[in-house]
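Each remark here refers to the structure printed beneath this line.
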Amino acid sequence: MSEYDRDDQEWQQAREVNDETLARSDGEWDESTGHAVVPASESLPERIYLLPIHNRPFFPAQVQPLVINRERWEETVRRVGNTPHHILGVAFVGDIGSEELDHEAFPQIGTAVKMHKLHGEDQQLQFIAQGLRRFRILRWLSKEPPYLVEVTYPREAVDAEDDETRAYAMAIINGIKELLPINPLYGEELKHYLNRFSPHEPGPLTDFAAAITSAKGYELQAVLDTLPVQARMERVLPLLRKEIDVAHLQTEISEQVNAQMQERQREFFLREQLKVIQRELGISKDDRENDVDTFRDRLEGLTVPPKVLTRIEEELDKLSVLETGSPEYGTTRNYLDWLTSMPWGVRSEDKLDLAQARTVLDRDHDGLKDVKERIIEFLAEGTFKGDVGGSILLLVGPPGVGKTSVGRSIAEALGREFYRFSVGGMRDEAEIKGHRRTYIGAMPGKLVQALKEVEVENPVIMLDEVDKLGQSFQGDPASALLEVLDPEQNVDFLDHYLDVRLDLSKVLFVCTANTLDSIPGPLLDRMEQIRLSGYIAEEKMAIAKHHLWPKLLKRDRIAKKRINLTDAALRQVIEGYAREAGVRQLEKQLHRIVRKAAVKLLENDQQSVRVSVNNLESYLGAPLFRKERVLEGEGVVTGLAWTAMGGATLPVEAGKVHGLDRGFKLTGQLGDVMKESANIAYSYVLGHLADYGADADFFDSAFVHLHVPEGATPKDGPSAGVTMTTALLSLAKHRAIDRSLAMTGELTLTGQVLPVGGIREKVIAARRSEIFEVILPDANRRDYDELPDYLKEGMTVHFAKHYRDVAKVVFG
């Protein structure tokens, strides 16, 4: 006989017993289910199947549906359905999943329920469970699903007439009464309870009170495990009180939300009513009329060109007939917004006061004397013309020399509005001339945006980094700038978005660039160039004292007397840590000093810190630059070079490798132009050795190697021709240069010395290396004469037209 058959035989016996018991009991018939309702006093089966539940325990006072997994518990339900009483046990197992569940996870106390109205959907089974009585597990008959246990039904010892029990019961009843008005959902539960139990029975009353709370599962299981009714009441009362408090809080929140919603609805209705009333009385306008009036109001006081005014009127007429919700309405409105935001005919008055301009430039900038003079000349010219518009200035110089701040100072000196935007990396010409209005998200160009922001027709507009304009399939921004920066064309500048003519001739354009090489010729031709060369140590000292150091202390809110930076330490910072042409690196090093000094002031509780040459390395570390030692020896000559970062000394070395055969070798990562200069120098010296007192046969059997140190740095340009020639001649004459001397100049095959650029930067580089004797091309005499006196002070300069002049200075 199988286990299943044995179970059926046992249940058949139990059925006969229960039928006999039911016949003797006072059971009632439930017409809705077709089953007898077993009262709590009836004798229940001693063996029942067990079903685990996970959310919360089931109490005897409950009647509610249960949903279970069909695949796992269908067999259990089927066997219960085959019994005459349809009773099974439910027990709370918490969060334990069905796969990990075993018999040890079941609690000892559970609830016997009667199963009604079983039906299944998809993977689930559902039935209504009617709680009957608590049971205690005595013995496990089957420890695998379907679980079968032998149980007993413990009695609940209680004296319903005891005063303390009655007091607890009244407290629970009052709690339920207090909870019902707050949360009407519990009314249905109370109706089921009153239909089945007497309110004077404290046990079911306590179970019902626990069942309607939202307490956690383990708290409710503790109530189910408590058999003495009075002790059970003591557990349930705090749970019921907590539920009442939560319900009160929930009610308050709901009332607040409802009040807010009602207030908003009331405001909405009132506003709508107000709009209707105002419209009926003719004292209100809709959104479309408001937009039209706004645009017309903006035009008051402006001098709009007739063609532009005609276009605006046409668009306003179109706007007045369009529906406000249509996409074309938004497009037209945005277009009119930009058109009416332009400062038509609005100009600021120029302050053409040269004394004020000098004051502003001297206040904001130390050094740059020649640049200031050029700007003053520019303003003086505008004084006679009565207008400084229509000019395009190009400030060229290394990074960090103050190009952008000079442009800002020009605007302040003139009393004009200032607008700056960078064109570096710009690849789309629409950034300059705007997008067509047919595109989604179309915008005007940067120049139109600038005029809208400054609200005048004659601002100072700075175009930063014009040497870094890009190109792409979207167009060439450099070509788009031609129309902007040409005084003959920008009178009728056409932005693609506005599609009307703008007058940019009153705008003062100030452009900045590091080099001129990458600026297209046609664009460069439209600009007036002003060069800003690098600063010498004296100028950097003044800039650091008057501008950088006070600015850093003010920004960090540190009193000047608390950090004392000596002049000697400042000079050491300039010479050892910040030798670049500009002052950005100098500002970074001074900022490092301020940060480290701030740490010392706070950690050591000091009143002040003194930064001197002796302790400078504790702030900045070892110097990045050592004092440049001028290379000396036979075949070694110091040249002067110009770089985008400023001037630099450029030593050239020539050496004889061996005397087996003739040869010439170049190293030092030289560009094509510089290699040509080296070959010209070699050819010139080879053909004129006797003219300069050298052995005419020296190079016939000499393999010569010409090297320019710092091989990792690319070098190019023709200005090292004179230097290379001198190095080769020094090697052939076996005679070293016996003094600090530097030179620059391009050499031709016939010995002519041609002019070169960057004279100011090269002179600064020579002074930085403490070389006070230089040789320059005679054609650069004017460039040298224009240098400020402080750069020429102490310098000995020789001007050469032919290489014979160079050789005479070098070798005597």
Side-chain angles (χ1 to χ4, degrees), residues 2-8 10-11 14 44-83 85-154 207 210-211 213-227 235 239:
S2 65
E3 180 182 353
Y4 184 77
D5 295 334
R6 286 197 302 272
D7 290 340
D8 282 347
E10 293 172 356
W11 280 116
L44 298 175
E46 296 180 356
R47 296 181 178 182
I48 59 175
Y49 285 99
L50 206 57
L51 188 70
I53 54 177
H54 300 277
N55 295 332
R56 52 190 283 136
F58 201 99
F59 285 90
Q62 284 184 274
V63 177
Q64 69 178 36
L66 288 181
V67 179
I68 58 177
N69 182 271
R70 176 192 290 269
E71 180 180 357
R72 186 166 182 83
W73 305 111
E74 184 175 21
E75 179 63 21
T76 300
V77 172
R78 189 185 66 81
R79 294 195 181 191
V80 173
N82 289 334
T83 63
H85 45 71
H86 293 181
I87 294 175
L88 79 159
V90 292
F92 174 69
V93 296
D95 297 331
I96 302 175
S98 299
E99 300 299 329
E100 297 84 13
L101 186 66
D102 61 12
H103 72 286
E104 295 180 355
F106 285 85
Q108 289 296 308
I109 300 293
T111 301
V113 301
K114 189 173 185 64
M115 189 171 66
H116 301 281
K117 295 186 177 180
L118 173 68
H119 69 276
E121 291 183 3
D122 297 331
Q123 300 299 318
Q124 295 180 336
L125 293 174
Q126 180 174 335
F127 62 90
I128 296 176
Q130 174 193 355
L132 300 177
R133 283 189 63 175
R134 285 173 174 78
F135 67 81
R136 185 193 301 276
I137 298 175
L138 295 179
R139 184 162 61 92
W140 284 83
L141 302 177
S142 173
K143 296 181 179 181
E144 297 294 334
Y147 298 111
L148 182 65
V149 292
E150 185 176 312
V151 299
T152 182
Y153 301 92
D207 289 343
T213 65
S214 59
K216 296 181 180 179
Y218 66 87
E219 294 176 322
L220 296 178
Q221 182 63 38
V223 173
L224 192 67
D225 291 341
T226 305
L227 297 178
R235 285 183 178 273
L239 299 181

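Quick caveat: nothing in here was measured; it's all calculated off a predicted structure. Side chains included, hydrogens not; waters and symmetry mates left out as well; all remaining heavy atoms used. Numbers for residues simply follow the sequence, beginning at 1.
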To the nearest 0.5 Å, what is the distance between [atom1] ([X]) and [atom2] ([Y])?
X      : Y      : atom1 : atom2 : result
Gln126 : His119 : CD    : NE2   : 4.5 Å
Arg136 : Asp225 : CZ    : CG    : 8.5 Å
Glu121 : Arg70  : CD    : CZ    : 9.0 Å
Thr226 : Gln221 : OG1   : CD    : 9.5 Å
Thr83  : Leu88  : OG1   : CG    : 8.5 Å
Leu44  : Arg47  : CG    : CZ    : 16.0 Å

Counting only N and O atoms by type, is there a donor-acceptor contact under 3.5 Å from the side chain of [X] to the main-chain atoms of [Y]?
X      : Y      : result
Arg56  : Ala211 : yes
Arg133 : Pro154 : yes
His54  : Ile96  : yes
Arg134 : Pro60  : no

Mind listing the closest non-hydrogen atom pair of [X] and [Y] along with its distance?
X      : Y      : answer
Pro107 : Ile137 : O-CD1, 3.6 Å
Phe127 : Met115 : CD1-CG, 3.3 Å
Pro146 : Thr76  : CB-OG1, 3.3 Å
Gly120 : Leu125 : CA-CD2, 3.8 Å
Phe135 : Thr111 : CE2-N, 3.2 Å
Pro45  : Tyr153 : O-OH, 2.6 Å

Quick one: are [X] and [Y] in side-chain contact, heavy atoms under 4.5 Å?
X      : Y      : answer
Gln130 : His116 : yes
Tyr49  : Val77  : no
Leu101 : Phe106 : yes
Leu220 : Phe92  : no
Leu118 : His86  : no
Val90  : Leu51  : yes

Inset, instruction - Please determine if Arg79 and Glu75 form a salt bridge, counting it only when a charged side-chain N lies under 4.0 Å from a carboxylate O. - result: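 Yes.
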Legend entry - Contacts of type side chain to side chain contact (heavy atoms under 4.5 Å, CB included), residue Pro145, not counting sequence neighbours: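 Arg72, Trp73, Tyr147.
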Legend entry - Partner residues of Glu46 under the salt bridge (Lys or Arg N to Asp or Glu O under 4.0 Å) criterion, sequence neighbours left out: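 By the salt bridge (Lys or Arg N to Asp or Glu O under 4.0 Å) rule, Glu46 matches no residue at all.
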